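Here the structure comes first, spelled out in structure tokens, and everything after it is commentary.
Below, read A as the first sequence line, B as the second, and so on, with proteins coming before strands; counting in each chain starts at 1. Computed from a predicted structure; not experimentally measured.
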Number of protein chains: 2
Amino acid sequence: MINYELYKVFYWAAKTGSLSKAAKSLYITQPSVSHAIKQLEDSFGITLFYRNSKGVALTQEGVTLYSYIEKSQILISLAEEKMAALKNLDSGELRIGGSDSLFKHYLLPYLESYRQKHPGIKLHLNHGTTPETIAFLKEGKIDLGVVRMPIVDSQLEVMKGIELQDCFVAGAHFAELKDKVLSLELLLQYPIILFSRNSRVRMAITELFQSYGYQIKPEIEVGSVDLLIEFARKGLGISYITKEFISKELEEGSLFEINLDIKMPPSQVGFMIMRNMPLSHAASKFIEFVKNTDEI
Amino acid sequence: MINYELYKVFYWAAKTGSLSKAAKSLYITQPSVSHAIKQLEDSFGITLFYRNSKGVALTQEGVTLYSYIEKSQILISLAEEKMAALKNLDSGELRIGGSDSLFKHYLLPYLESYRQKHPGIKLHLNHGTTPETIAFLKEGKIDLGVVRMPIVDSQLEVMKGIELQDCFVAGAHFAELKDKVLSLELLLQYPIILFSRNSRVRMAITELFQSYGYQIKPEIEVGSVDLLIEFARKGLGISYITKEFISKELEEGSLFEINLDIKMPPSQVGFMIMRNMPLSHAASKFIEFVKNTDEI
DNA sequence: AGGAGCTATAGACCACGTCTATGATCAATT
DNA sequence: AATTGATCATAGACGTGGTCTATAGCTCCT
């Protein structure tokens with residue numbers, strides 16, 4: 001089998017029309033080039049160049065070989081450029097899966113600033129439920145999943161993100177509750193708005209109430225955080241919602257937090273990646289970036 | 001600069017999905033493959049495969065690299081196949097320059113049998129005068145020129161072909177000359193048909209007559225051997241023509257040779273190639289073939 | 001005649017690619 | 001659980017082959 005290094009030498013010799021120039025381009029000596037070309041000619045049993053005192057020129061057969069090798073070498077050069085671009089994040093893909101609300105309210109600033117730094121990286125955001133996100137990860141359709149903890153799956157490696165605090169909030173319509181401290185039992189007298197059944201937050205709150213011996217049954221179920229906010233503001237009920245996602249509404253007073261006589265347990269954001277599978281460079285840099293920013 | 005051998009290893013590893021299988025395909029050991037892939041990954045600073053107990057699979061970046069390298073390697077394979085074809089004359093070009101008459105009356109049987117042996121070789125016959133043929137040779141437009149000797153050109157290497165004997169012939173109209181021996185002076189009394197001015201044969205006969213103190217002026221000048229034959233047969237004059245080209249006519253008696261009191265010097269066919277320029281494989285095999293056949 | 005290019009050849013050397021041997025891990029058996 | 005049989009990774013030794021220097025031979029140009 002022919003050593004492919006010889007084609008590299010052949011390419012430069014043909015391209016420059018000179019073994020000496022090829023040697024310079026390749027940072028080797030002229031005898032090495034001469035030797036390499038000889039090897040190639042010997043292994044084909046065909047003369048590729050004719051030599052004269054000015055340099056070398058391709059024979060008919062040499063031209064034929066060159067027509068193939070040139071394309072091949074250009075492809076390799078392109079490959080090397082592409083790899084360099086991937087390496088310094090001028091190119092690549094970052095595929096993240098997770099819930100819409102986490103993208104919008106938590107990840108967005110990171111994504112914005114990452115994109116600004118690396119505008120060549122294509123961003124794929126794939127929203128879905130936690131099980132869907134895990135499935136996508138395992139199928140290799142996404143590099144990274146961002147969901148609520150806890151996640152227990154031996155195939156996954158999970159890193160903790162920030163802590164979020166869920167709470168019940170209401171709008172002006174329930175102003176009478178503003179400075180009161182409610183028990184769970186009392187809370188359940190009011191219409192409750194919850195996120196749809198298959199979400200992690202919904203499961204968590206259902207379990208929490210069960211552990212206290214109550215069953216929480218929402219009047220309204222919605223599919224997005226925006227609707228949770230909107231419905232609460234319009235006074236249709238009391239929404240269970242992540243406090244960090246409504247800092248604007250709390251500040252401007254269009255929503256207020258309901259004080260309960262028990263502390264709601266915090267929930268944590270988790271970054272999931274596949275265990276024992278190398279991350280794409282774009283993804284690992286993104287995670288690194290989020291980690292460093294979170295710590296500061 | 002990256003050793004292109006590594007791409008060969010990468011290609012097989014990616015293609016087979018297994019370092020062990022790649023090793024077998026490449027007739028090296030598995031640790032060598034492992035080492036090579038590692039080198040490639042290190043020099044890019046990018047992980048190309050993830051490894052598991054079943055084998056290896058390309059990462060996202062690995063897939064990108066593979067998309068280039070696959071094409072590149074296929075081109076090289078095609079190149080190697082093509083070179084093998086050129087080597088055993090399944091493919092290639094044979095470009096010969098020379099006079100129409102030599103092609104038809106001398107080279108044709110060789111060309112036929114060469115073509116039969118190597119149907120993949122494209123044949124280019126380029127007819128022209130001797131100076132044109134030499135020019136084509138120097139421009140690299142033909143591999144081989146077949147002309148009348150002598151040729152004196154330091155850039156050319158000339159090999160002798162067969163000897164041809166030119167002679168004067170006539171048809172039935174001049175039957176009275178059949179068994180006579182003519183002097184040059186007497187011959188010149190008859191209408192002479194010669195090949196056109198710029199041919200080598202024409203120059204030779206002109207010089208020959210001059211060396212005896214005569215000037216030969218044709219009644220008719222023609223551009224092809226066929227016309228020389230045809231005109232002589234029709235009785236329009238006495239043609240000066242290569243005896244070997246009219247063996248059929250001499251045998252059947254439609255033409256007969258004029259006996260002269262001097263011996264016409266033989267002329268020799270010459271094969272010209274460029275000195276110090278390697279021949280195409282197709283051409284060198286053809287010359288070899290002609291030489292061997294001629295000797296037998 | 002001399003010099004400045006070019007490529008070819010010879011021979012020495014040592015880097016690096018390959019090998020063997022072994023370890024680590026995982027999955028599918030027993 | 002233990003065993004077997006795959007996989008790839010690692011370590012270290014070995015020896016080939018690619019690269020080097022030095023030099024020759026050639027052609028062209030001054």
Neighbour count above 12 (heavy atom, 6.0 Å) for B:K21 NZ: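 No, because the 6.0 Å sphere around NZ of B:K21 holds 12 heavy atoms or fewer from other groups.
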A:K38 atom NZ: more than 12 heavy-atom contacts under 6.0 Å: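 Open: at most 12 neighbouring heavy atoms sit under 6.0 Å from NZ of A:K38.
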Spacing of [X] atom [atom1] relative to [N] atom [atom2], expressed in whole Å:
X: B:L19; N: C:dC19; atom1: CG; atom2: P; value: 14 Å
X: B:N3; N: D:dG18; atom1: CG; atom2: P; value: 10 Å
X: B:I37; N: C:dT18; atom1: CD1; atom2: C1'; value: 15 Å
X: A:I2; N: D:dG17; atom1: CD1; atom2: C1'; value: 16 Å
X: A:Y4; N: C:dG17; atom1: OH; atom2: C1'; value: 17 Å

Counting N and O atoms only, with roles assigned by atom type, does the side chain of [X] sit under 3.5 Å from a partner on the main chain of [Y], one being a donor and the other an acceptor?
X: A:T59; Y: A:T47; value: yes
X: B:E61; Y: A:L86; value: no
X: B:R95; Y: B:A283; value: no
X: B:E93; Y: B:K122; value: no

Geometric class of the B:Y110/B:F289 ring pair [parallel <30°, tilted 30-60°, perpendicular >60°]: perpendicular
Plane angle bin for B:F10 and B:F49 - parallel if under 30°, tilted between 30 and 60°, otherwise perpendicular: tilted
Toward the 5' end of DNA chain D, by each residue's nearest nucleotide, B:S34 or A:H35: B:S34
Neighbours of DNA chain D within residues 26-33 of chain B, by heavy-atom distance under 4.0 Å: B:Q30, B:P31
Within residues 38-52 of chain B, residues whose heavy atoms come under 4.0 Å of DNA chain D: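 Listed by number, they are B:K38, B:R51.
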side-chain N/O B:S53 vs D:dC8 OP1/OP2, d < 4.0 Å: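 For B:S53, the contact criterion (side-chain N or O under 4.0 Å from OP1 or OP2 of D:dC8) is not met.
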Phosphate contact (D:dA6 OP1 or OP2) by B:S20 side-chain N/O below 4.0 Å: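 For D:dA6, OP1/OP2 do not have a side-chain N/O of B:S20 under 4.0 Å.
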Under 3.5 Å side-chain donor-acceptor pair for A:E81 and B:Y68: no
